[in-house]
Amino acid sequence: MDKLILIDGNNVIYRAFFAMPPLTNTAGQQTNAVYGFTTMLLRLIEEHKPTHLIVAFDAGKVTFRHEGYQEYKGGRQKTPPELSEQFPLLKDLLRDLGVPQFEIENYEADDIIGSISRQADEAGRQVMIVSGDKDMLQLASEHTTIALIRKGVTEIELYGPEKIREKYDLTPQQIIDLKGLMGDASDNIPGVPGVGEKTALKLLAQFGSVEGVIAGTGELKGKMKEKLEAHAEDAIMSKKLATIYREVPLTHSWEDMAFQGLKKDTAGPALAKLEFKSLLERLSLSGSAPVDEASSPQAEDLDIVLAGEAELEELTALLTAVKALHVETNGDNPHRSEVIGLALSTPELHYFVPFELLKSEAAAGLRNWLADEHAPKNGYDLHRADLALHWQGIPFAGAAHDVQLAAYLLDPTEASQNLSDLVAKYGLPRLAPDEEVFGKGAKYKVPELDTLGAHVASKSASVLGVLPKQEQDLKDTAMPGLFHDLEMPLSRILADMEKQGISVNTDGLKELGREFESTISGLVEQIYEIAGTEFNLNSTKQLGEILFDKLGLPVIKKTKTGYSTDAEVLEKLEPYHEIVQKILQYRTLAKLQSTYVEGLLKEIAPSTGKVHTFYRQTIAATGRLSSQFPNLQNIPIRLEEGRKIRKVFVPSEPGWSILAADYSQIELRVLAHISDDARLKEAFVHDMDIHTKTAMDVFGVPADAVDANMRRSAKAVNFGIVYGISDYGLSQNLNITRKEAARFIEQYFEVFQGVRRYMDEIVRDARKAGYVTTLLERRRYLPEINASNYNLRSFAERTAMNTPIQGTAADIIKLAMIHMDRVLFERKLKSRMLLQVHDELVFEVPEDELDTMKKLVPEVMEGALKLSVPLKAEVSYGSNWYEAK
DNA sequence: TTAATTACG
DNA sequence: CGGGTCGTAATTAAC
């Protein structure tokens, strides 16, 4: 039995646009309406299995309706550009899905639908019409059902003549009369003023049609009678306008509407291109185009060799042809990972070498190749591979192209890029996600050799496929230099630093822990006594009950789930009750104890007595590094109690020192450079105290008139500027009113006009390009910069201001690390670079190199990149990290 | 797993 | 009018 589905394309995409959150793809192109449309379309196909299917669109600006009524659809809001841009995307997608689409010059979608449905009806075919427009109900008949879209695009409600009678007590024909009387504001159809749905239904129940009502006005009285008589003509015209024209000369035949299921070969790549990953998965399509199977083999068709000793020999002879590899490891912490196996891909063959074999005598040649820095390696997360292999006694060198790192540069906000997603993004043959092969969490299990080998080998094969696409993308985004000359070399340096680790004085740390413990237990006792009960101090829920229910303290702030008890709230509560201050002290010490004493102790490697952090190079959207297992980028410094933790970070060899150097005001210096602001640059050229100088300029006073308060305010403004300021934020920070803060900011911009210009321009540029860049062309997309939602848009605007600053600072210290590494090597220095903390580098230095390093480190840091203002690095050293202040 | 909190630049 | 400064990681409780 034939079944035809007719979709009112314009109406549905319009509804989808407003129903969906503003999704955008990586290029910043909004795709929400296409997405909403497609989900609905796919569901219709699944549920109703049409044999014939059409999406109809309006065509031509002037439809025949305007010929009779100029104002038709006048006063309608212009289609937002975010929506009109999506029409071509939708039309392309429909073509690739194999869904026929019609448009006929000068007719609207509903007329096309009306005409097709009339013919289908006459032929006794089953028809379903999909739209959000109630007018469509006039087309309902014995064979024709109307699927009205409700609530966004998720629900549809089916209307046949029966249902229409139930709901309105009207025939489908009378729907037109209904609109003739009540009109339609959105189409600028007047109807009769003062007649809404209720009245119209009553009139139709009595008189049957618009004509009937007009003829019968004699039976009415009062205002209603006058109105109907005065607007009889309007009602007739409105009815005409509301009537769907069903005689459009159709240019398509029944066969043209046939739908033979989705065109799998083109549907996959088309969905992949739009980045509709969930839809791809739902259809279990890969983004691949199977037409060129030769160049992109299906994963299951790979020529995979599970290597034994004989194959290993063959492989060893082939090593120069290996173009990609993958090292499979387990666990999150690469310093503690086991290596499961290694896959190597030549363009033709894919070998899997189990770890047992890799360790054996037979694999010596392969291991030599792995260690050879002149043998280039391409792979996914080579940094992790390097570390995991290192702790198994297998050296690794020669990383050339890491596809994870390249993916991060191409879109740093999509950094959770696993290889399987990456492959889908580029429309390559599907790669099973790791969870599918290994299970996740507690269920992680290495599968048997066949499955394992095939999976790991398809990973290296995938690297092979992704590689050329990324090289092209990097070229298109001006980032090959950033990738090959900065991030790739840095990744090796990070691995060296991590393997080296930093020594921790375990006994000192334990002693510190005992000191904290005694203070903590004293505090806990006092708190319980004051509270009159014991409770779990670490539970914000229980603490809230004590403070606000039991003790009746005023509620300052609420969280999603209850009372807020954060430090800001507790500080406000301090004057009300003695318990509050003790809780604050407890919080401080409990944090130190659990994170920095106990947490750090757990991370000390027994074999080295050191902590080996893992720097992640693909997490932070601005280009910064992050540090894990343990995080050595947030060791306390602001409060003395916490700062003591730094005493346990010591040199690994007797007589050596810890030397630390940090950039002074690097972000404001970067701002001075990129904004080219005369005053800001002058401040740094003369190396003035930047906050004092800001206070002088903003308040218009000489240096000796700047008091501590003025300097504090200026400092807050400077921070605000770097982050993309708002008057509210500043007012909170300085405890002043929003108006005062706003005036303050205005004064700042009066003085630093270059900064104002920069802030305006960067937002404007971001809006136009869809992204911002750092000095080294690092890129961050800001799809929400054009959002209609104020919050989203404002956030994107602040990000546009902040990212080039923070990101350029990140570029600079990365450059410094590369220069530093090379200088240490070339000058054969024994000093070692150990840590990076965003604007600081930490070294351990032998006695006889101390004088050299004191000069060399700041010199290299300051010379990392030439800006229009000088960079400044301050160096210090001592017997531990605390002393190097 | 998520939310709240707190540590850092 | 709105919501309310950027970027991270670790710990704990409670689901």
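Just so it is clear, the values below take in all heavy atoms, side chains as well, and ignore hydrogens, waters and symmetry mates. On a predicted model such as this, the values are computed, not experimentally measured, just so you know.
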Trainee: So what does Ser726(A) touch, heavy atoms closer than 4.0 Å: a base, only the sugar-phosphate, or nothing?
Mentor: nothing

Trainee: Name the nucleic acid region contacted by Ile637(A), choosing base, sugar-phosphate or nothing; use a 4.0 angstrom heavy-atom cut-off, strictly under.
Mentor: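 Sugar-phosphate, backbone atoms only, no base.
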
Trainee: If you pin Asn802(A) and Arg793(A) to their nearest nucleotides in DNA chain C, which one's is more 5'?
Mentor: Arg793(A)

Trainee: Provide the start and end nucleotides, 5' to 3', of the part of DNA chain B that has atoms under 4.0 Å from heavy atoms of chain A.
Mentor: dA3(B) to dG9(B)

Trainee: Base, sugar-phosphate alone, or nothing: which one does Arg643(A) contact when heavy atoms must sit under 4.0 Å apart?
Mentor: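 Nothing, no nucleic acid heavy atom in range.
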
Trainee: For residues 769-779 of chain A, which side-chain N or O atoms pair as donor and acceptor with protein atoms under 3.5 Å away, sequence neighbours left out?
Mentor:
from      : atom 1 : to        : atom 2 : distance (Å)
Tyr771(A) : OH     : Arg779(A) : NH2    : 3.3
Thr774(A) : OG1    : Leu776(A) : N      : 3.3
Thr774(A) : OG1    : Arg778(A) : N      : 3.1
Thr774(A) : OG1    : Asp811(A) : OD2    : 2.6
Arg778(A) : NE     : Asp811(A) : OD1    : 2.8
Arg778(A) : NH1    : Glu487(A) : OE2    : 2.9
Arg778(A) : NH2    : Glu487(A) : OE2    : 2.7
Arg778(A) : NH2    : Asp811(A) : OD1    : 3.0
Arg779(A) : NH1    : Tyr781(A) : OH     : 3.2

Trainee: Quick one: label Asp662(A) by what it contacts on the DNA or RNA (base, sugar-phosphate, nothing), any heavy atom closer than 4.0 Å.
Mentor: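 No contact at all - Asp662(A) keeps every heavy atom at 4.0 Å or more from the nucleic acid.
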
Trainee: Remember a base hit wins even if backbone is also touched, and classify Gln806(A) as base, sugar-phosphate or nothing at under 4.0 Å, heavy atoms.
Mentor: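 The residue Gln806(A) makes base contact.
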
Trainee: Please give the distance between the C1' atoms of dG3(C) and dA7(B) as a whole number of Å.
Mentor: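 Looking at atom C1' only, dG3(C) and dA7(B) are 26 Å apart.
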
Trainee: Please check if the side chain of Asp662(A) supplies one atom and the backbone of Asp839(A) the other of a donor-acceptor pair under 3.5 Å.
Mentor: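 No, Asp662(A) side chain to Asp839(A) backbone: no donor-acceptor pair under 3.5 Å.
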
Trainee: Of Tyr728(A) and Thr803(A), whose nearest nucleotide on DNA chain C comes first from the 5' end?
Mentor: Tyr728(A)

Trainee: Base, sugar-phosphate alone, or nothing: which one does Ile635(A) contact when heavy atoms must sit under 4.0 Å apart?
Mentor: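 Answer is sugar-phosphate: Ile635(A) comes under 4.0 Å of backbone atoms only.
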
Trainee: Please work out whether the ring planes of Phe629(A) and Phe614(A) are parallel, tilted or perpendicular, with thresholds of 30° and 60°.
Mentor: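 Taking Phe614(A) first and then Phe629(A), their aromatic rings lie parallel (interplane angle under 30°).
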
Trainee: Contact class for Ser794(A) (heavy atom, under 4.0 Å): base, sugar-phosphate, or nothing?
Mentor: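 Ser794(A): no heavy atom of the nucleic acid under 4.0 Å.
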
Trainee: Who are the side-chain contact (heavy atoms from CB on, under 4.5 Å) partners of Val755(A), not counting sequence neighbours?
Mentor: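 Partners of Val755(A) by the side-chain contact (heavy atoms from CB on, under 4.5 Å) criterion, ordered by chain and then number, come out as Leu671(A), Ser675(A), Asp677(A), Leu680(A), Ile721(A), Tyr748(A), Phe749(A), Phe752(A), Met759(A).
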
Trainee: Between which nucleotides of DNA chain C, 5' to 3', does chain A make heavy-atom contacts below 4.0 Å?
Mentor: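 Contact span on the strand: dG2(C) to dA14(C).
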
Trainee: Under 4.0 Å between any heavy atoms, over every strand shown, what does Ala621(A) touch: base, sugar-phosphate, or nothing? Just pick one.
Mentor: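 Contact class for Ala621(A): sugar-phosphate only.
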
Trainee: What is the nucleic acid contact for Arg587(A), judged by heavy atoms within less than 4.0 Å: base, sugar-phosphate only, or nothing?
Mentor: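 Touches sugar-phosphate only.
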
Trainee: Determine whether a donor-acceptor pair (N or O, by modelled atom type, separation under 3.5 Å) exists between the side chain of Ser521(A) and the backbone of Ser518(A).
Mentor: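 Yes.
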
Trainee: Within the 4.0 Å heavy-atom criterion, would you say Arg798(A) contacts the bases, only the backbone, or no part of the nucleic acid?
Mentor: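 Sugar-phosphate contact only.
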
Trainee: For a quick check of understanding: with a heavy-atom distance under 4.0 Å over all strands, which category does Ser627(A) fall into, base, sugar-phosphate or nothing?
Mentor: sugar-phosphate

Trainee: Work out how far the P atom of dG2(C) is from that of dT6(B), and round it to whole angstrom.
Mentor: 29 Å

Trainee: NA contact type, Ala810(A), heavy-atom cut-off 4.0 Å: base, sugar-phosphate, or nothing?
Mentor: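 Since no nucleic acid heavy atom lies under 4.0 Å of Ala810(A), the category is nothing.
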
Trainee: Check the angle between the aromatic planes of Phe649(A) and Trp881(A) and answer parallel, tilted or perpendicular using the 30° and 60° thresholds.
Mentor: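 Phe649(A) vs Trp881(A) ring planes: perpendicular.
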
Trainee: Return the set of residues passing ring pair (Phe, Tyr, Trp, His ring centres under 6.0 Å) with Tyr444(A) (not counting sequence neighbours), or none when no residue passes.
Mentor: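 Partners of Tyr444(A) under the ring pair (Phe, Tyr, Trp, His ring centres under 6.0 Å) test: Phe438(A).
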
Trainee: Once you apply a heavy-atom cut-off of 4.0 Å, does Tyr663(A) come out as touching a base, just sugar-phosphate, or nothing?
Mentor: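 Result for Tyr663(A) = nothing.
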
Trainee: Using a 3.5 Å distance criterion without hydrogens, assess whether the side chain of Glu740(A) forms a donor-acceptor pair with backbone atoms of Thr737(A).
Mentor: yes

Trainee: Are the side chain of Arg669(A) and the backbone of Ser664(A) linked by a donor-acceptor contact shorter than 3.5 Å?
Mentor: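 Checking the backbone N and O of Ser664(A) against the side chain of Arg669(A), a donor-acceptor pair under 3.5 Å is found.
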
Trainee: If you look at every strand shown and take non-hydrogen atoms under 4.0 Å, does Gly720(A) touch a base, only sugar-phosphate, or nothing?
Mentor: base

Trainee: Show me the pairs that pass ring-ring contact (aromatic ring centres under 6.0 Å, His included) and involve residues 723-742 of chain A, at least two apart or across chains.
Mentor: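 Residue pairs with at least one partner in residues 723-742 of chain A: there are none.
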
